[in-house]
Q: 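Here's a structure for you.
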Amino acid sequence: MATVNIEGVTLHLAHPDELNLVCVGQEEVIRQILAAWMLVDERDLPLNPRLVGKPGVGKTTLAYAAAKRLSREVYIFQATVDTRPEDLLVTPVLSEEGRIKYMASPIVTAMIRGGVAIIDEANRMSEKSWASLAPLLDSRRYVESIVAGVKIRAHPDFRLCVTMNEDASTFDLPEYIDSRLKPIILVDFPEAEEEKEILRANLPFAEEELLTYLVTFLQAAHRQGEPYSVRDGVNIGRYALKRRAYMEKDRPLPEILKESIASVLGPEALVYLPGEEKDRPRLRPVF
């Protein structure tokens with residue numbers, strides 16, 4: 001494990017994340033992220049883009065892909081309702097020798113090494129946790145660890161991006177944090193052709209019939225405002241293929257897919273199957 005000495009304190013750094021993520025399409029979102037991170041003058045500062053969208057639309061994958069375009073190390077921090085300020089910065093742990101070791105978080109490690117930090121599902125954190133990051137998100141670009149008693153300044157190459165889900169299990173951002181996480185980049189459901197390519201990239205062993213069936217189902221659900229995502233489609237496809245290979249080799253694929261959709265999303269999702277238009281809920285008019 002790499003270490004660095006700051007103000008006489010030894011920090012043990014986190015490992016970068018190397019993920020086998022498949023990024024297909026959504027090129028415009030990647031361009032917006034990269035534009036937010038670029039500098040137009042030596043006096044300029046990078047922005048901290050916020051990717052917003054429903055769960056499963058690929059926000060983390062897009063942020064990771066953008067970071068890799070810069071050939072930077074990527075460090076992902078998974079935020080939760082239990083995230084503490086020290087989790088975001090420096091955590092003390094007891095070593096085998098009985099001494100205190102200071103462990104730098106993925107965010108602090110990215111700051112030191114000039115990498116990219118991605119705070120995933122960031123709006124699950126409380127205001128107390130956000131407060132520890134406030135000076136990092138403006139022109140000061142540093143954090144202060146009370147636990148380790150050090151001030152840590154960000155490398156000039158350091159970049160940050162956060163992802164946020166649109167659901168009821170999240171916190172509202174404090175105003176002073178909201179103003180620091182700009183621009184807001186909306187990640188929406190992909191169009192049919194792009195969605196099919198994403199499914200194909202994640203299910204390279206699936207036949208065309210399965211991919212077409214899943215895209216037709218997902219697009220019908222999107223049009224009615226359902227939160228079913230490409231991630232759900234991948235899970236349905238994988239489960240259907242596993243069922244067929246393990247115990248249902250002679251059954252028609254549409255039957256297996258129908259049961260797989262009910263198992264993954266619930267029976268209420270079956271109204272979006274091809275040929276089930278008569279049972280499909282109607283959108284309410286907006287006035």
Q: Under the side-chain hydrogen bond (donor to acceptor under 3.5 Å, both in side chains) rule, what pairs show up with a residue in residues 51-60, not counting sequence neighbours?
A: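 Those involving residues 51-60 are Lys59-Asn165, Thr60-Asp120.
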Q: Could you grab the distance from atom CG of Leu265 to atom CD1 of Ile236, nearest 0.5 Å is fine?
A: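 Reported to 0.5 Å precision, the distance equals 4.0 Å.
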Q: Assess the side chains of Glu226 and Tyr272: does a donor N or O sit below 3.5 Å from an acceptor N or O?
A: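 There is such a pair between these side chains.
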Q: Could you please spell out the steps behind the side-chain contact (heavy atoms from CB on, under 4.5 Å) verdict for Arg124 and Thr83?
A: CA-CA 9 Å; Arg124 299 196 186 282; Thr83 296; over 6 Å; no
Q: For residues Met125 and Leu88, determine if any side-chain heavy atom of one lies less than 4.5 Å from a side-chain heavy atom of the other.
A: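 A side-chain contact exists here, since the closest heavy-atom pair is under 4.5 Å.
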Q: Linking I/L/V/M/F/W/Y whenever their side-chain heavy atoms sit closer than 4.5 Å, directly or via other members, would Leu70 and Leu160 fall into one cluster?
A: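 No; Leu160 is not reachable from Leu70 via cluster members.
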Q: For Gln78, is there any backbone N or O sitting under 3.5 Å from a side-chain donor or acceptor partner on Glu121?
A: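 Not a single qualifying donor-acceptor pair exists.
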Q: Mind checking the CG-CD1 spacing from Asp17 to Ile76? Nearest 0.5 Å is all I need.
A: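 The distance works out to 4.5 Å.
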Q: Does anything in residues 231-240 pair up under side-chain hydrogen bond (donor to acceptor under 3.5 Å, both in side chains), and if so which pairs, sequence neighbours excluded?
A: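 Qualifying pairs: Ser229-Asp232.
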Q: Please check if Leu13 and Val147 belong to a single hydrophobic cluster, counting links between Ile, Leu, Val, Met, Phe, Trp and Tyr side chain heavy atoms closer than 4.5 Å.
A: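 Cluster IDs for Leu13 and Val147 match.
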Q: Gln32 versus Pro183: any side-chain heavy-atom pair under 4.5 Å?
A: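 Side-chain contact under 4.5 Å: no.
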Q: Can you tell me how far the CD atom of Glu197 sits from the CG atom of Leu211, to the nearest 0.5 Å?
A: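 Glu197 atom CD to Leu211 atom CG measures 9.0 Å (nearest 0.5 Å).
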Q: Quick one: closest heavy-atom pair of Gly237 and Leu214, and the distance?
A: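 Heavy-atom minimum between the residues: CA-CD1, 3.9 Å.
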Q: Report yes if some heavy atom in the side chain of Ser126 is under 4.5 Å from a heavy atom in the side chain of Val81; otherwise report no.
A: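 Ser126 does not reach Val81 side chain to side chain.
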Q: Looking at every non-hydrogen atom in both residues, tell me the closest pair between Ser260 and Arg243 and how far apart they are.
A: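 Result for this residue pair: OG-CD, 4.0 Å.
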Q: What pair of heavy atoms forms the shortest contact from Ser132 to Val143, and how long is it?
A: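 Nearest heavy atoms, Ser132 then Val143: O-CG1, 3.9 Å.
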Q: What closest approach, in Å, do Glu7 and Gly149 show between heavy atoms, and which atom pair accounts for it?
A: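 Between these two residues, the closest heavy atoms are OE1-O, 3.8 Å.
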Q: Are any of the side-chain heavy atoms of Ile33 and Leu51 separated by less than 4.5 Å?
A: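 Side chain of Ile33 against side chain of Leu51, heavy atoms only: contact under 4.5 Å found.
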Q: Just one of Val9, Ile6, Leu11 clears the side chain to side chain contact (heavy atoms under 4.5 Å, CB included) bar with Val90, so which one?
A: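 Among Val9, Ile6, Leu11, the one that satisfies the side chain to side chain contact (heavy atoms under 4.5 Å, CB included) with Val90 is Leu11.
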Q: Would you say Phe77 ends up clustered with Trp130 if hydrophobic residues are merged whenever their side chains have heavy atoms under 4.5 Å apart, either directly or through other cluster members?
A: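 Trp130 and Phe77: one cluster.
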Q: Heavy-atom count around Tyr246 OH within 6.0 Å, excluding the residue itself: above 12?
A: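 Counting neighbours around OH of Tyr246, 12 or fewer heavy atoms of other residues, nucleotides or ligands fall under 6.0 Å, so no.
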Q: Is it the case that over 12 heavy atoms from other parts of the model lie below 6.0 angstrom from the CD1 atom of Ile146?
A: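 Count not over threshold, so no.
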Q: Among the clusters formed by ILVMFWY side chains lying less than 4.5 Å apart, do Val4 and Ile100 turn up in the same one?
A: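 Same cluster.
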Q: Can you name the salt bridge (charged side-chain N to carboxylate O under 4.0 Å, His left out) partners of Asp188, sequence neighbours left out?
A: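 Checked Asp188 against salt bridge (charged side-chain N to carboxylate O under 4.0 Å, His left out); zero matches.
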Q: Is the closest basic N to carboxylate O distance between Glu193 and Lys196 below 4.0 Å?
A: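 So Glu193 does not pair with Lys196 through a salt bridge.
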Q: Check Leu270 against Lys258 and note the closest heavy-atom contact, atom names and distance.
A: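 Leu270 and Lys258 have their closest heavy atoms at CD2-O, 3.3 Å.
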Q: Please test Ile107 against Leu136 for side-chain contact (heavy atoms from CB on, under 4.5 Å), starting from the C-alpha separation and ending with a verdict.
A: CA-CA 10 Å; Ile107 299 169; Leu136 176 63; 4.0 Å; yes
Q: Are Tyr228 and Val230 linked, directly or through other ILVMFWY residues, by side chains that come within less than 4.5 angstrom of each other?
A: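 Yes, Tyr228 and Val230 fall within the same hydrophobic cluster.
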Q: Any side-chain heavy-atom pair from Glu127 and Tyr176 closer than 4.5 angstrom?
A: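 With C-beta onward as the side chain, the pair touches.
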Q: Answer whether the closest heavy-atom distance between the side chains of Leu34 and Trp37 falls below 4.5 Å.
A: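 SC-SC contact between Leu34 and Trp37 confirmed.
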Q: Between Thr10 and Tyr102, is the side-chain contact (heavy atoms from CB on, under 4.5 Å) condition met? List the steps.
A: CA-CA 7 Å; Thr10 299; Tyr102 293 106; over 6 Å; no
Q: To the nearest 0.5 Å, how far apart are CG in Leu94 and CZ in Arg99?
A: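 Going from the CG atom of Leu94 to the CZ atom of Arg99 covers 11.5 Å.
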Q: Give a yes or no on this: more than 12 heavy atoms of other residues, nucleotides or ligands lie within 6.0 Å of atom CG of Asn5.
A: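 Result for CG/Asn5: enclosed.
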Q: Atom CZ in Arg72, atom NE2 in His155: separation rounded to 0.5 Å?
A: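 So the CZ of Arg72 and the NE2 of His155 are separated by 8.5 Å.
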Q: Output yes when Arg244 and Glu255 qualify as a salt bridge under the 4.0 Å nitrogen-oxygen rule, no when they do not.
A: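 Looking at Arg244 and Glu255, the cut-off is not met.
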Q: Asn48 versus Val162: any side-chain heavy-atom pair under 4.5 Å?
A: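 Asn48 does not reach Val162 side chain to side chain.
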Q: Does a sphere of radius 6.0 Å around NZ in Lys128 hold more than 12 heavy atoms from other residues, nucleotides or ligands, not counting ones at 6.0 Å or beyond?
A: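 No - once you tally the heavy atoms of other residues, nucleotides and ligands closer than 6.0 Å, there are 12 at most.
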Q: Look up atom CD1 in Ile261 and atom CZ in Phe217, then write down how far apart they are to the nearest 0.5 Å.
A: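 Going from CD1 on Ile261 over to CZ on Phe217, the span is 4.5 Å.
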Q: Please assess Arg69 against Arg31 for the test side-chain contact (heavy atoms from CB on, under 4.5 Å), listing each intermediate value before the final yes or no.
A: CA-CA 10 Å; Arg69 294 272 181 96; Arg31 285 198 293 265; 5.8 Å; no
Q: Identify the two heavy atoms, one from Ala206 and one from Leu241, that lie closest to each other, and give their separation to 0.1 Å.
A: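 In this case the closest contact between Ala206 and Leu241 is CB-CD1, 3.9 Å.
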Q: Does atom CG of Asn20 have more than 12 heavy-atom neighbours, drawn from other residues, nucleotides or ligands, at distances under 6.0 Å?
A: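 No, not enclosed.
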Q: A side-chain contact here means heavy atoms from C-beta on lying under 4.5 Å apart; do Arg180 and Leu133 qualify?
A: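 In short, these two side chains do not touch, never coming nearer than 4.5 Å.
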